[in-house]
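The shown structure was predicted, so the numbers you read here are calculated from the model rather than taken from an experiment. Order of the sequence lines sets the chain letters (A, B, ...), proteins ahead of strands, with each chain counted from 1.
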Amino acid sequence: MAGALSDRHPLFVPLVLVGGVIFGFGLAFSHMARPEVVLNFLQFEDFGLLFVMFGGAAVTGLAFFVAPRALDRAPLTGDRFERRLKPFDRNVLVGGGIFGVGWGLSGICPGAAYASLGIGNVTILWAIAGMFLGAYAQGWWRSRTDTVDPAATGAD
Amino acid sequence: MVPELVPLQVAADLFPHGVDRYAIGGLLVGLGAAVIYVGTGISAGASTFLESTLSYVSGQSRFQQYVASRDWRLVFTLGIVLGAAIYAVVYQGGAWTTDVAWWRLLAGGVLVGVGTRVGKGCTSGHGVCGVGSASKTSLAGVLAFLATAILTAQVVAALGVTP
């Protein structure tokens, strides 16, 4: 895949933008962009968040099923519709556990944080700054320790 | 209580704000990811943006693998902000700000930043796209972060930290 956007199909950038707009509108509409609503779910006061995650997964699941059967290749990149599965290893559980503590403390996850900025929540910049700090810290650490990626156990 | 009203009462307890906003919003989140997938074959997640954007300003070897995707990930994230802003203008009638304490947002953000990158995904990458593709890795990731998030939120609430 070419790196520069100028090498891409002219509709590549507009499509990614439109997809992002629908994605962000959905996050705001579902109130996931409000940390209070996420915290209410985690405290068992409102189970609506389950509908967001599984509603979203149902639609992507449909796309993952239909697209490879209806089209030979993705029209804007020429790439095949492959299942890009992430290998399972201990990091998935360790990282997921750390992510969960942060999510439970703040009510914020990456996509919802960007959407939260969009609904005018400037206070969320604390969380966005924190996420970049955390991502940088793990990158700094792993740039030193991961000379070789740990062997994946099983192909998903 | 009249027996046929019991299910309605249970629904009102579990979903005090109804389910429409959550179901419609969730379908749209999935639709946004689906539009990108059908057009490009890319399975989009929101958290890789953190590392890919850091590659603009940092020479750490860890971030270099995201140089090829960093431009479109920036576009995707700008789209998310713009889409939410459209919601705010059309439905919310102006800006909304959280009451959650700044230190919770900052500390939580740091842990989210470390955790999503070590754990290879977040609520959209694992939760929406990964679960949608029936990935066992993503299901394990979702269970791990849901369990610790619920535990953390309950402990924080029990300690009387509000908001």
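- Options B:Ala149, B:Gly25, B:Gly108 differ in how many heavy-atom pairs under 4.5 Å they form with chain A, and the most are formed by B:Ala149.
- If you measure heavy-atom distances from B:Asp13 to chain A, the contacts under 4.5 Å come from the backbone alone.
- Only the side chain of B:Tyr91 comes within contact range of chain A, with heavy atoms under 4.5 Å apart.
- Aromatic rings of B:Tyr56 and B:Phe63 (six-membered ring for Trp) have centroids beyond the 6.0 Å cut-off, not under it.
- Following chains of ILVMFWY side-chain contacts shorter than 4.5 Å, one cannot reach A:Phe65 starting from A:Phe81, and the two form parts of different hydrophobic clusters.
- For the side chain to side chain donor-acceptor pair (under 3.5 Å) with A:Tyr136, the qualifying choice from B:Gln60, B:Arg62, B:Arg117 is B:Gln60, the only one to do so.
- Only the side chain of B:Val156 comes within less than 4.5 Å of a heavy atom in chain A; its backbone stays farther off.
- Ring-centre distance between A:Phe47 and B:Tyr22: not below the 6.0 Å cut-off.
- Within the 4.5 angstrom heavy-atom criterion, no atom of A:Ala58 approaches chain B.
- Of the listed residues (B:Thr123, B:Leu82, B:Leu146), the one with the most heavy-atom contacts under 4.5 Å to chain A is B:Thr123.
- For B:Val89, no part lies near chain A; criterion is any non-hydrogen pair under 4.5 Å.
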Inset, instruction - Dump the intermediate steps for ring pair (Phe, Tyr, Trp, His ring centres under 6.0 Å) on B:Tyr66 and B:Phe49, then the final yes or no. - result: CA-CA 9 Å; B:Tyr66 301 107; B:Phe49 168 74; over 10 Å; no

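- Proximity to chain B is absent for every atom of A:Leu50, based on heavy atoms less than 4.5 angstrom apart.
- For A:Leu71, the part lying under 4.5 angstrom from a heavy atom of chain B is the side chain only.
- A:Phe64 has its ring centre less than 6.0 Å from the ring centre of B:Tyr37.
- Taking B:Cys129, B:Ala101, B:Gly130 one by one and counting their heavy-atom pairs under 4.5 Å with chain A, the maximum is reached by B:Cys129.
- Residue contact with chain B, scored on non-hydrogen atoms closer than 4.5 Å, involves the side chain of A:Val37 exclusively.
- Between the side chain of B:Ser58 and the main chain of B:Leu54, no donor-acceptor pair closer than 3.5 Å is present.
- Top candidate by heavy-atom pairs under 4.5 Å with chain A, chosen from B:Gly125, B:Gly45, B:Gly127, B:Gly141, is B:Gly127.
- With hydrogens and angles ignored, the 3.5 Å screen pairs a side-chain donor or acceptor of B:Lys120 with a backbone N or O of A:Pro87.
- When each of B:Leu31, B:Val142, B:Leu139 is scored by its heavy-atom pairs under 4.5 Å with chain A, the top score falls to B:Leu31.
- Comparing B:Thr53, B:Thr77, B:Asp20, B:Val131 by how many heavy-atom pairs each has under 4.5 Å with chain A, the most go to B:Thr77.
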